[in-house]
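Numbers here simply count residues along the sequence, with the first being 1. Values reported hereafter were calculated over all heavy atoms of this structure, with side chains retained and with hydrogens, waters and symmetry mates removed. Here the structure is a predicted model, which is why all the values come from computation and not from measurement.
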Amino acid sequence: MKARAADIASRLTAATGMAARVEGIATGTRVVAELPDRLSASAWRVVLAALVSADRYGHGCAEGRQQVWVEVDREEAP
């Protein structure tokens, strides 16, 4: 897994208390993290910082659970 995606997954896991799911996609790596019903203000800051460090990010609801996702593009070889 790409270092930046691994770092984002680690930060989301620490902030939410739930393991982030990491998936390979055609363009790179996608990380999905479920959000608990309540997060402290400091945990929200960690989540938001993780989101903006990705190439793309979003928020959604699946099976009644709130979740955030990020995508990190694969780096081109020099």
Side-chain angles (χ1 to χ4, degrees):
M1 175 180 9
K2 189 174 176 181
R4 188 162 52 120
D7 177 62
I8 292 169
S10 176
R11 289 191 284 158
L12 290 173
T13 296
T16 64
M18 295 183 269
R21 189 172 69 248
V22 180
E23 309 165 345
I25 58 174
T27 58
T29 306
R30 183 179 182 101
V31 180
V32 180
E34 286 193 13
L35 298 174
D37 293 333
R38 295 178 187 261
L39 276 178
S40 68
S42 61
W44 270 115
R45 285 189 290 275
V46 172
V47 169
L48 295 174
L51 295 180
V52 300
S53 68
D55 295 307
R56 284 170 298 290
Y57 62 88
H59 171 267
C61 188
E63 300 175 11
R65 300 287 301 178
Q66 300 281 335
Q67 59 182 224
V68 292
W69 59 267
V70 301
E71 291 180 355
V72 177
D73 292 337
R74 182 179 299 117
E75 291 180 2
E76 297 293 324

(request) Say whether, by atom type as modelled, one donor and one acceptor occur between the side chain of Thr16 and the main chain of Leu12 under 3.5 angstrom. (result)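 Present.
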(message) Looking at Ala20, is its backbone amide N or carbonyl O close enough to the side chain of Thr13 to form a donor-acceptor pair, meaning the two atoms are under 3.5 Å apart?
(response)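 It does hold such a pair.
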(request) Can you sort out the partners of Arg21 under side-chain hydrogen bond (donor to acceptor under 3.5 Å, both in side chains), two or more places apart, ordered by chain and number? (result)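 If we apply the side-chain hydrogen bond (donor to acceptor under 3.5 Å, both in side chains) test to Arg21, skipping adjacent residues, the hits are Glu23.
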(message) Using the side-chain hydrogen bond (donor to acceptor under 3.5 Å, both in side chains) criterion, which residues pair with Thr27? Sequence neighbours excluded.
(response)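 With neighbours one apart ignored, the set is empty.
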For [X] against [Y], the heavy-atom pair lying closest together:
| X | Y | result |
| --- | --- | --- |
| Arg65 | Pro36 | NH2-CA, 4.0 Å |
| Met18 | Leu35 | CE-C, 3.7 Å |
| Ala50 | Val70 | O-CG1, 4.4 Å |
| Ala26 | Arg74 | O-NH1, 2.9 Å |
| Trp69 | Leu51 | O-CD2, 4.1 Å |
| Leu39 | Ala15 | CD2-O, 3.3 Å |

(message) Salt bridge check, Asp73 against Lys2: does any charged N sit closer than 4.0 Å to a carboxylate O?
(response)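 Not counted as a salt bridge, because no side-chain N and carboxylate O are separated by less than 4.0 Å.
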(request) Could you pull out all residues at least two apart from Ser53 that satisfy side-chain contact (heavy atoms from CB on, under 4.5 Å)? (result)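 Testing Ser53 for side-chain contact (heavy atoms from CB on, under 4.5 Å), a comparison that skips the adjacent residues, returns Ile8, Arg11.
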(request) Starting at CD1 of Ile25, measure out to CZ of Arg30 and round the result to the nearest 0.5 Å. (result)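 Result: 6.5 Å between the selected atoms.
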(request) Begin from the C-alpha positions of Gln66 and His59 and carry the test side chain to side chain donor-acceptor pair (under 3.5 Å) through to its verdict. (result) CA-CA 7 Å; Gln66 300 281 335; His59 171 267; 2.5 Å; yes
In one Ile/Leu/Val/Met/Phe/Trp/Tyr side-chain cluster, 4.5 Å: [X], [Y]:
| X | Y | result |
| --- | --- | --- |
| Val68 | Val31 | yes |
| Trp44 | Tyr57 | yes |
| Val22 | Val47 | yes |

